[in-house]
Every structure is written in structure tokens, then in C-alpha cells.
Amino acid sequence: MKELGEIRHDWTLAEIKAIMGQPFNDLLFQAHTVHRMHFDPNEVQVSTLVNIKSGGCAEDCAYCSQSARYDTGLEKQKMMAVQEVLDKAMQAKAKGSTRLCMGAAWRNPNKKDFPVVLEMVKVVRDLGMETCMTLGMLDDEQVKQLKEAGLDYYNHNLDTSEAYYDKVITTRSFQDRLDTIDKVQQAGINVCSGGIIGMGEQHKDRAELLRTFANMAHHPGSVPINLLVPIEGTPLEAMRGKTDAFEFIRVIATARLLMPKSYVRLSAGRMELNDQAQAMCFFAGANSIFYGDKLLTTDNPEADHDQQLFAKLGLNMQAQVKAQRDNH
Ligand code: SAM
Ligand code: DTB
Ligand code: SF4
């Protein structure tokens, strides 16, 4: 590493592997040092997820409960009404959440539903919450309309390294994902993009995934690191319990070191991490989480439990912030 905390876009795979593989205490010390350069170490940003369109998805993502290709027992539902999203937003806001992240089980949004999506952005924004959408691939016109509606963040994950990608998803390419991320960034919407750990990938895949983000011209403002939630009926069901929490914490710490100014989000999989492991994630540089008892289709820790954990750690939930538009 050249200088700790320097914003760079020219990381090599060898450098990243060396960072991620160094003794755990060295890694955590470096990551925490960099974390303190740009963030209050005792503050955490919280977002709440709402699944606005559940199940029946055409894609074959091997981890996903919502793919129509696997029998996961999930009931397909039609798109949620705007009023229901508004109700959920109000509940989330009352519990201290500052951003609503609305997800849809789509390959890409269709013409009929898109005006409703735009309306959702507007009503949630009018409530004084930040808005995030995750709707699959977007075309130029859709990106433009989301920007005009006032969308703050767009979530679009790369999930894993380019080399491992087709072991997980075959119905769209790594390049398709990069193209959507690029459009979103160009339009001035904050990018939220990360991946999943625990899908059978190797260390070098984790390093490559982080390298892709770290070498983007603009680091994503938000980098969600998910621990696979193994879903019965999906091809990755058998990965249950295969990932060591320390390995996951190493990825968080490395993300913090490579992208010093980005929010690193401790995302799916918190049910599998005990409070001590989560505390280590916060020490390693995670400074945002999904908050509320449901992710999209699976369980997340109860808000009350998170409140107790925050109290034990002296962590404060970030009050309303303006989305950072000038992130590198
Ligand atoms: N359909 C859209 C898409 O794929 O971009 C948006 C919703 S999709 C469910 C959002 C992200 O959730 C995925 O890219 C993946 O990273 C994450 N995710 C989905 N299922 C997961 C699981 N079982 N464990 C961990 N992360 C998961
Ligand atoms: C992200 O990286 N993780 C969130 C959000 N972005 C959309 C979704 C996690 C989903 C976990 C599995 C489920 O609940 O279906
Ligand atoms: Fe569909 Fe998104 Fe699930 Fe893939 S991750 S199957 S695109 S909902």
C-alpha cells in the first residue's frame, strides 16, 4: 500500500490479496485507522428494505429466493401499491431509518410499472427520507426519469468476480451490470454496488470483486457486503455455514481500505453473525446496515435487538443526511 487512506483507482490484484491476507490484527488496525479519517466511528447509517415486487423473476441468480427457476416456496406477488410503500416508509422513518431501499424482482422494469416506481420515489422523498431503488437493468430513459423523480441511490450489485460470475448467474453478464452502473453514475445518481460472500468463491474472486469497485473512476458511494443467506431450493442452498465470520470481516476491512470515503454496508447475513462479529465489522469500517426485521424475503435482526447492540457499542444512528453527490 502506498499511503494509508489515499484515494486510488489503480489497485493491483496482488496488492489487494496481500491486504486481505495479512494478519487479522494488522488488517483491522489499518482499516479502523482509515475509517476514522473520513467518518465518525461511532455513527451508523441505517436503511430499510421494502420488496415492492416479490418473486417470479426471470433471472437465474443461484442465490435468490425470487428466481422463478427454483422452487423456494416463495409466493409471487404483484407490485405493491404506492400507499403501502408510503405506510412502510413512515414506519421505517418512525424507527429512525433515513433511507428506504425499494427492491423489485425484475430483470429490468417494464413500461407499465415504471410510472408507479417513479411515484414511489416521489412520495418517499416528500416524506424527507432518502430513496434507493434496485430494479435490475435500466435503459437511458429510465435512468433519466429516476433522476428527475429525485432518486438518491441506485443499488445494482456485481455480486462476485467476473471470473466466478457465470457460476452464479447465466442470464445476464458481468458487463451488463457494469453498463447499468455506469449509466446510473453518469446521470448523477449515487451508486450502491457490492457483492455476496460465501457462494463458493475463492479469495482471489473476493479480491477481484473489490478491485473492480476500487478501480472505478468513481468509487460507489455505498458498497453493500452481503453474507450469503442460503435459501432452500436454490443451487447455493448447500453453502450454509461454509463461511467463517473472520473471512467475512476481512472483506469488510479490505473494502474500507480500498474505498476510504464510501459507506461500507454490513448487509444480508447478519442473522448468521453474532453481536461480537458484527461489532468487529463496525470496527473494521462498516458504517451502514439494513435495519428492520425483514430484508427482501428473509429475516433480519429485530430493530429492538439492533438498538440494544448500538447501545452496548455506543453507536449512534445517523440522523437524516443529504445523499453525498460528490463521492469518489
Ligand atoms: N432484481 C434486482 C437485481 O438483481 O439487481 C434487485 C433485487 S436483488 C434481490 C438485490 C441483491 O440482493 C442481489 O444483487 C444480491 O446481491 C442480493 N441478494 C439476493 N439474494 C441474496 C441472498 N440469498 N443472500 C445474500 N444476498 C442476496
Ligand atoms: C443488497 O446488497 N442487499 C439487499 C439490498 N442490496 C437490495 C438485499 C439482500 C437480500 C437478502 C435475501 C432476501 O431477503 O431475499
Ligand atoms: Fe431476480 Fe434480482 Fe433475484 Fe436475480 S437477484 S433472481 S435479478 S430478483
Side-chain angles (χ1 to χ4, degrees), residues 47-70 72-77 99-110 113 117 131-138 153-160 165 168-174 176-181 184 191-201 209 213 220 222-240 242-243 248 251-252 255 263-273 286 288-301:
S47 300
T48 297
L49 282 161
V50 179
N51 205 6
I52 62 169
K53 161 67 182 70
S54 181
C57 185
E59 303 281 55
D60 69 351
C61 312
Y63 48 76
C64 190
S65 62
Q66 305 198 76
S67 167
R69 308 196 183 213
Y70 317 125
T72 65
L74 186 80
E75 229 179 273
K76 182 180 164 183
Q77 268 159 14
R99 188 181 309 157
L100 199 74
C101 180
M102 295 162 266
W106 288 328
R107 174 177 164 82
N108 50 268
N110 64 38
D113 292 321
V117 164
T131 52
C132 176
M133 282 276 173
T134 180
L135 313 167
M137 289 184 266
L138 298 177
Y153 283 82
Y154 194 75
N155 167 249
H156 202 65
N157 291 344
L158 291 176
D159 287 338
T160 191
Y165 194 83
V168 180
I169 302 152
T170 69
T171 50
R172 52 167 152 72
S173 68
F174 194 78
D176 289 333
R177 297 300 269 188
L178 288 173
D179 290 347
T180 295
I181 292 170
V184 167
V191 171
C192 171
S193 188
I196 306 178
I197 305 305
M199 301 193 293
E201 75 286 346
L209 172 69
F213 295 127
S222 161
V223 182
I225 308 291
N226 297 273
L227 178 61
L228 176 74
V229 180
I231 310 277
E232 241 181 87
T234 64
L236 292 180
E237 175 185 354
M239 293 291 162
R240 183 176 300 280
K242 290 251 159 75
T243 309
F248 181 77
V251 178
I252 298 251
Y263 278 82
V264 175
R265 186 174 302 273
L266 166 56
S267 303
R270 290 201 295 127
M271 298 298 282
E272 299 299 318
L273 297 171
S288 53
I289 59 161
F290 290 118
Y291 175 69
D293 57 5
K294 265 244 160 339
L295 292 164
L296 289 173
T297 66
T298 64
D299 290 343
N300 197 38

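Position 1 is the first residue of the sequence; numbering continues from there. Being a predicted model, the structure only gives us computed values, none of them experimental. First listed ligand is number 1; within each ligand, the first listed atom is number 1.
In this structure, the protein non-hydrogen atom closest to atom 12 (O) of ligand 1 is Asn157 ND2, 4.4 Å. Closest to atom 5 (O) of ligand 1 among all protein heavy atoms lies Arg177 NH2, 3.0 Å. Closest protein heavy atom to atom 6 (C) of ligand 1: Thr134 OG1, 3.1 Å. In terms of protein heavy atoms, atom 7 (S) of ligand 3 is closest to Arg172 NH2, 3.3 Å. Distance from atom 1 (Fe) of ligand 3 to its nearest protein heavy atom, with residue and atom name: Cys57 SG, 2.3 Å. In this structure, atom 4 (Fe) of ligand 3 lies nearest to the protein heavy atom Cys61 SG, 2.3 Å. The protein atom (non-hydrogen) at minimum distance from atom 10 (C) of ligand 2 is Leu296 CD1, 4.1 Å. Looking only at heavy atoms of the protein, atom 21 (C) of ligand 1 is closest to Tyr63 CD1, 3.6 Å. In terms of protein heavy-atom proximity, atom 11 (C) of ligand 2 is closest to Ala268 CB, 3.9 Å.
Distances between N or O atoms of Val229 and those of ligand 1 include at least one value under 3.5 Å. For ligand 1, the polar-atom distance check against Gln66 finds no nitrogen or oxygen pair separated by under 3.5 Å. Between Ile196 and ligand 1, a contact under 3.5 Å exists for no N or O pair. Ligand 1 has an N or O atom lying under 3.5 Å from an N or O atom of Asp159, backbone or side chain. Of the N or O atoms in Thr134, none lie within a sub-3.5 Å distance of an N or O in ligand 2. At under 3.5 Å, not a single nitrogen or oxygen of Gln66, backbone or side chain, sits near a nitrogen or oxygen of ligand 2. Note: no N/O pair closer than 3.5 Å links Ser267 and ligand 2 by distance alone.
Judged by distance alone, the side chain of Asn300 and the main-chain N or O of Leu295 form no donor-acceptor pair under 3.5 Å. The backbone N or O of Asp159 lies less than 3.5 Å from no partner atom in the side chain of Arg177, so there is not a single donor-acceptor pair. Between the side chain of Asn226 and the main chain of Ser267, no donor-acceptor pair closer than 3.5 Å is present. The main-chain N or O of Ala58 is found under 3.5 Å from a side-chain atom of Arg69 such that the two form a donor-acceptor pair. No side-chain donor-acceptor contact under 3.5 Å links Asn155 to the backbone of Cys101.
With a heavy-atom cut-off of 4.0 Å, Met137 does not touch ligand 3 at all. Under 4.0 Å from ligand 2, the heavy atoms of Asn155 that appear belong solely to its side chain. At a heavy-atom cutoff of 4.0 Å, ligand 2 is contacted by the side chain of Leu49 but not by its backbone.
In terms of heavy atoms, Met133 sits closest to Ile52 at SD-CD1, 4.5 Å. Of all non-hydrogen atoms in Tyr70 and Gly233, the two that sit nearest each other are CB-O, 3.4 Å. Val184 and Leu138 get closest at one heavy-atom pair: CG2-CD1, 4.2 Å. Across all non-hydrogen atoms, the minimal contact from Thr243 to Gly198 is OG1-CA, 3.1 Å. Of all the heavy atoms in His156 and Ser193, the pair that sits closest is O-OG, 2.5 Å. Considering every non-hydrogen atom in both Lys53 and Gln77, the closest pair reads CD-O, 3.3 Å.
Residue Gly103 places no heavy atom under 4.0 Å from ligand 1. The closest approach between Met133 and ligand 1 stays at or above 4.0 Å for every heavy atom of the residue. Heavy-atom distances between Arg172 and ligand 1 reach below 4.0 Å in at least one pair. By the 4.0 Å heavy-atom criterion, Ala104 is counted among the residues contacting ligand 1.
Atoms of ligand 2 lying under 4.0 Å from at least one heavy atom of Pro224, given by number and element, are 2 (O). Taking every non-hydrogen atom of Asn157 and a distance limit under 4.0 Å, the qualifying atoms of ligand 2 come out as 1 (C), 2 (O). Against a heavy-atom cut-off of under 4.0 Å, Ser65 is close to the following atoms of ligand 2: 15 (O). Interface of Phe290 with ligand 2, defined as ligand atoms under 4.0 Å from a residue heavy atom, comprises 1 (C), 3 (N), 4 (C), 5 (C), 6 (N). Atoms of ligand 2 lying under 4.0 Å from any heavy atom of Thr297, numbered from 1 in the order shown and given with element: 13 (C), 14 (O), 15 (O). Short contacts between ligand 3 and Ala105, defined as distances under 4.0 Å to a heavy atom of the residue, involve ligand atoms 8 (S). Heavy-atom proximity to Leu296, at under 4.0 Å, picks out these atoms of ligand 1: 9 (C).
Between the CG atom of Leu228 and the CD atom of Glu237 there is a distance of 11.0 Å, given to the nearest 0.5 Å. One finds the CD atom of Glu59 at 8.5 Å from the OG1 atom of Thr170 (value rounded to the nearest 0.5 Å). Here the straight-line distance linking atom CZ of Phe248 with atom CZ of Arg270 works out to 10.0 Å at 0.5 Å rounding. Note that OH of Tyr153 is 8.5 Å distant from SG of Cys192, once rounded to the nearest 0.5 Å. The line from CG of Leu158 to CZ of Phe213 is 4.0 Å long, rounded to the nearest 0.5 Å.
Side-chain contact annotation: Ser288 with Arg99, donor-acceptor N/O pair under 3.5 Å absent.
The option from Ile225, Thr298, Asn226 that lies nearest to atom 12 (C) of ligand 2, judged by heavy atoms, is Thr298.
Residues Thr234 and Ser67 fail the side-chain proximity criterion, which asks for heavy atoms closer than 4.5 Å.
Atom 3 (Fe) of ligand 3 lies under 2.8 Å from an N, O or S atom belonging to Cys64.
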